[in-house]
Amino acid sequence: MKQSILLDGPKFQITIQRLCRQLIENHGDFSNAVVIGIQPRGTFLAKRIVKELERMIEKPILVGDLDITFYRDDFRTKGNAGPLLANSTNINFIVEGKDVIFIDDVLWTGRTIRAAMDAVQAFGRARRIELLVLVDRRFSRQIPIQPDYIGIQVDSIDSQKVIVNWKESDDQDSIILVTEKKLRVMIRSKFSKNG
């Protein structure tokens with residue numbers, strides 16, 4: 001297994017600050033905007049973003065956590081992994097007429113965001129929904145969903161994994177691209193036979 005560090009250390013925090021400045025540019029003092037972190041891993045980024053925004057604009061921001069487990073189109077087809085364990089939704093405000101900013105760590109197929117758009121309707125009809133992601137795996141989309149705010153873009157194949165580590169749970173902030181050695185050997189073998 002090969003690991004490549006895509007982002008860590010001070011650059012990780014600088015990326016979060018850049019995303020916050022972009023949000024302030026579009027939403028000012030956040031008087032008509034709310035931030036919703038998508039469970040499970042988007043909530044780490046949402047808390048970081050909100051903490052930084054509140055420091056910058058010196059005003060509290062409405063923030064919540066949204067679980068999309070039972071809104072996913074694949075939740076019944078997860079194989080023999082046993083029953084799904086849902087996370088918690090913690091939104092104590094209505095989104096009616098508000099600008100909703102969904103936050104997730106990695107955008108891959110787009111299915112999580114599609115599910116989040118369905119799930120958030122229980123809290124009202126948003127004026128607009130935007131998407132902020134730390135990592136955009138831009139060539140893996142299965143649904144036509146694109147982020148409005150991007151930390152970094154990663155061009156990867158489906159068999160690779162992008163892992164975001166957080167100080168809060170993983171003892172460090174980093175983004176890692178993992179490539180299985182077995183896959184690399186298979187690809188190398190295929191090209192040597194053909195060429």
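Not measured: the values here are computed from a predicted model.
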- request: Show your reasoning for whether side chain to side chain contact (heavy atoms under 4.5 Å, CB included) applies to Phe93 and Val34.
  value: CA-CA 9 Å; Phe93 49 84; Val34 299; 3.7 Å; yes
message: As a quick check of understanding, evaluate side chain to side chain contact (heavy atoms under 4.5 Å, CB included) for Val120 and Phe102, giving each step before the final call.
response: CA-CA 10 Å; Val120 80; Phe102 280 143; 3.8 Å; yes
query: Going through the checks in order, is the side chain to side chain donor-acceptor pair (under 3.5 Å) test met by Asn165 and Ser174?
result: CA-CA 5 Å; Asn165 294 311; Ser174 64; 3.0 Å; yes
task: Go through the steps for Ile38 and Thr43 under the test side chain to side chain contact (heavy atoms under 4.5 Å, CB included), then give the verdict.
output: CA-CA 6 Å; Ile38 299 173; Thr43 59; over 6 Å; no
query: Can you check salt bridge (charged side-chain N to carboxylate O under 4.0 Å, His left out) on Asp104 and Arg41, steps first, answer last?
result: CA-CA 7 Å; Asp104 206 2; Arg41 306 287 290 181; over 6 Å; no
- prompt: How far apart are the C-alpha atoms of Arg48 and Asp173, what are their side-chain angles, what is the distance that settles it, and do they pass the salt bridge (charged side-chain N to carboxylate O under 4.0 Å, His left out) test?
  reply: CA-CA 11 Å; Arg48 284 283 185 89; Asp173 291 333; 2.8 Å; yes
- request: Walk me through it: do Asp118 and Arg114 pass the test salt bridge (charged side-chain N to carboxylate O under 4.0 Å, His left out)?
  value: CA-CA 7 Å; Asp118 288 345; Arg114 188 215 51 81; 2.6 Å; yes
message: Using the rule given for salt bridge (charged side-chain N to carboxylate O under 4.0 Å, His left out), can you reason through Glu96 versus Arg127, listing the C-alpha separation, both sets of side-chain angles and the distance that settles it, and then say yes or no?
response: CA-CA 7 Å; Glu96 189 74 32; Arg127 184 176 81 93; over 6 Å; no
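Counting heavy atoms from C-beta outward, Arg21 and Met56 have side chains that approach closer than 4.5 Å. At a threshold of 4.5 Å between non-hydrogen side-chain atoms, the residues Asp67 and Ser88 do not count as touching. Using a 4.5 Å cut-off on side-chain heavy atoms (C-beta onward), Ile103 and Ile49 make contact. For the pair Val178/Ile163, a side-chain contact is recorded, criterion being any heavy-atom separation below 4.5 Å from C-beta on. The shortest side-chain heavy-atom distance between Thr109 and Ser140 does not fall under the 4.5 Å cut-off. Looking only at side-chain heavy atoms (C-beta outward), Ile175 and Ile152 come within less than 4.5 Å of each other.
The two atoms that bring Leu66 and Ala116 nearest to each other are CD2-O, 3.7 Å, heavy atoms only.
Distance CD1/Ile36 to CD1/Ile68: 13.0 Å, rounded to 0.5 Å. Note that CG of Asp158 is 12.5 Å distant from CZ of Phe139, once rounded to the nearest 0.5 Å. Taking CG of Leu107 as the start and CD of Gln146 as the end, the distance is 7.0 Å to the nearest 0.5 Å. Expressed to the nearest 0.5 Å, how far CG of Leu45 lies from CG of Leu134 amounts to 5.5 Å.
A side-chain donor-acceptor contact under 3.5 Å links Asp29 to the backbone of Ser31. Side-chain atoms of Asp65 do not come within 3.5 Å of backbone N or O of Thr89 as any donor-acceptor pair. In this structure, Arg18 contributes its side chain and Gly151 its backbone to a donor-acceptor pair below 3.5 Å. A donor-acceptor distance shorter than 3.5 angstrom exists from the side chain of Arg141 to the backbone of Ile145, with no hydrogens or angles considered. A distance-only check finds no donor-acceptor pair linking the side chain of Glu130 to the backbone of Asp99 [under 3.5 Å].
Within 6.0 Å of the CZ atom in Arg125, the count of heavy atoms belonging to other residues, nucleotides or ligands does not exceed 12. Within 6.0 Å of atom CD in Gln142, more than 12 heavy atoms from other residues, nucleotides or ligands are found, so the atom counts as buried in its surroundings.
Checked against side chain to side chain contact (heavy atoms under 4.5 Å, CB included), Asn26 has the following partners two or more places apart in sequence or in another chain: Tyr149.
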Let me have the donor-acceptor pairs involving side chains of residues 3-16, under 3.5 Å, with sequence neighbours excluded, atom names and distances please.
| from | atom 1 | to | atom 2 | distance (Å) |
| --- | --- | --- | --- | --- |
| Gln13 | NE2 | Glu52 | OE1 | 3.4 |
| Thr15 | OG1 | Lys11 | O | 2.8 |

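Pairs engaging residues 16-35 under the ring pair (Phe, Tyr, Trp, His ring centres under 6.0 Å) rule: His27-Phe30 [sequence neighbours left out].
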